[in-house]
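Worksheet: one structure, shown below.
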Protein chains: 2
Amino acid sequence: MIDRRVQKTRKILSQALVSLILEKGYDAITIQDIIDRANVGRSTFYAHFENKDQLLLVGNENFRHILKSKVEDGELAIDFEFFFQHVAENYDLALAFFGKKGGHVLIDFFRDIIADLLMKHYKTKQQVSEKMQLKMLGYQADAVATSIIRLLTLWVEDRLPFSAKAMADVSNKMIKQLEEESPIFKVAL
Amino acid sequence: MIDRRVQKTRKILSQALVSLILEKGYDAITIQDIIDRANVGRSTFYAHFENKDQLLLVGNENFRHILKSKVEDGELAIDFEFFFQHVAENYDLALAFFGKKGGHVLIDFFRDIIADLLMKHYKTKQQVSEKMQLKMLGYQADAVATSIIRLLTLWVEDRLPFSAKAMADVSNKMIKQLEEESPIFKVAL
DNA sequence: AAGTTATGATACATTATGTTCGATAAAATA
DNA sequence: TATTTTATCGAACATAATGTATCATAACTT
């Protein structure tokens, strides 16, 4: 098991980072800010993390793995209502992760995961074999994933004016757009 | 008219920034890097710009205003083929603006412009009056604009494997998805 | 040709970076 | 409990970037 001192240090560093994000924005935060806020020695920080990004990623593995574990449990499609609900239930964290003041680390993380899942999903719905068509489908999966994450950030920044279900419905609508084979694939690429 | 020394200084600073983006990525660039590369005095930089972002914005007004002027010429919809074509014709710049190594300044700029235009466009197609429905439509316009910019960045980063027309077709497809009134608006928000 | 102004060079105080070291306190282990 | 292991702190360090200020000079405008 992990040394209790280590657990304590990592936790307080994570909390310091989150609180600082809400105050001054991720990009403006320095390592110095974090160790001042956490009351942790400079050398201690570097004994655990290489930089801010790593602290954010490692310090929030629980939150990050929600989507992943949920999907690896067997379902192919994504339960967006569950996802938006989970975000709503962790509003303070979500604001730090996805709000205006947040950084790009977790946004990119979730975008990539969703894009991968969408790509698998689309490939089951369509028979696309040609190389360039597959590439274009990849673009679209990525673009749709990006738009869903964008919806999420607008929603969070706006203090959740809609229900998680409404957000999931809009997300699913954006996904469905690409489910059927469409004339776009017959266009000269 | 503007002092020739000023024109020269601003131009060389802009060029220095663009070349540095391609080398080390926008976020990692310091003011020191820029003035070293441009061979310009530190005080001179600050006489013209407050920071990197401003240099990037002011130094590329021509590129930025392409979309805006094109639309203000009377058309309501956006000519995405023209837009993607313009990007392709300025590939080096586009790579610095929208590639992996680029910053978020111009991406955000274009996203906001496109989102505004889409919102106007949707409002002419649909009769949406209820406040929350209007807000949700705004989310969707923003999300679609975000996905189009994402398509652009993937395309540019990938060295333009598709024609500008193909990219415009995909973009327009994503836009059309929201043109008709859809069941989503009857969902409980 | 005279007056105006942008520039470069230099200097400055402040702040952050990433690393190293030894003393100390806190933990695991026997 | 006694002993060993190890995480932390505090301090120091060289390096680098920041934003501001001043002044002589060169380049520009009129």
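Naming: A, B, ... by sequence-line order, numbering from 1 per chain.
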OP1 or OP2 of [N] versus the side-chain N and O atoms of [X]: is any pair under 4.0 Å?
X	N	value
A:His48	D:dA7	no
B:Ser43	C:dG8	no
A:Thr44	D:dC9	yes

- Query: What is the nucleic acid contact for B:Asn51, judged by heavy atoms within less than 4.0 Å: base, sugar-phosphate only, or nothing?
  - Reply: nothing
- Base, sugar-phosphate alone, or nothing: which one does A:Asp36 contact when heavy atoms must sit under 4.0 Å apart? nothing
[N] [atom2] sits how many Å from [X] [atom1], rounded?
X	N	atom1	atom2	value
B:Glu50	D:dA17	CD	P	21 Å
B:Asn39	D:dA26	CG	C1'	16 Å
B:Ile34	D:dA17	CD1	P	12 Å
B:Asp53	D:dT18	CG	P	13 Å
B:Leu20	D:dA17	CG	C1'	15 Å
A:Asp27	C:dA16	CG	C1'	16 Å
B:Phe49	D:dT18	CZ	P	16 Å
A:Phe45	C:dA16	CZ	P	14 Å

- So which one's nearest nucleotide on DNA chain D is more toward 5', B:Asp3 or B:Asp33? B:Asp33
- Start at the 5' end of DNA chain D and walk down; is the nucleotide closest to B:Ile2 or to B:Thr30 reached first? B:Thr30
- Could you tell me whether the side chains of B:Gln32 and B:Arg42 share a donor-acceptor contact shorter than 3.5 Å? yes
- Task: Please check if any side-chain donor atom of A:Tyr26 sits under 3.5 Å from a side-chain acceptor atom of A:Asp53, or the reverse.
- Result: yes
Nearest to side-chain heavy atoms of [X], which nucleotide of [options]:
X	options	answer
B:Val40	C:dA16, C:dT17, C:dG8	C:dG8
B:Arg42	D:dC9, C:dA16, D:dT18	D:dT18
B:Ile31	D:dT18, D:dA7, C:dG18	D:dT18
B:Gln32	C:dA6, D:dT18, C:dT17	D:dT18
B:Tyr46	D:dC28, D:dT18, D:dC9	D:dT18

- Only one of A:Val170, A:Leu152, A:Asp169 forms a side-chain contact (heavy atoms from CB on, under 4.5 Å) with A:Phe84, so which one is it? A:Leu152
- Could you tell me whether A:Arg64 sits above the aromatic face of A:Phe110, with NZ or CZ closer than 6.0 angstrom to the six-membered ring centre and within 45 degrees of the axis? no
- Query: Does any donor-acceptor pair link the side chain of A:Arg5 with the base of D:dT6 at a separation under 3.5 Å?
  - Reply: yes
- Where do A:Leu57 and A:Leu106 land on the side-chain contact (heavy atoms from CB on, under 4.5 Å) test, with the steps shown first? CA-CA 7 Å; A:Leu57 279 172; A:Leu106 290 177; 4.0 Å; yes
- By nearest nucleotide on DNA chain C, pick out whichever of A:Arg4 and B:Val6 is the more 5' one. B:Val6
- Task: In sequence, state the C-alpha distance, the side-chain angles, and the governing distance for A:Met119 and A:Leu134, and then conclude on side-chain contact (heavy atoms from CB on, under 4.5 Å).
- Result: CA-CA 9 Å; A:Met119 190 60 185; A:Leu134 209 60; 4.2 Å; yes
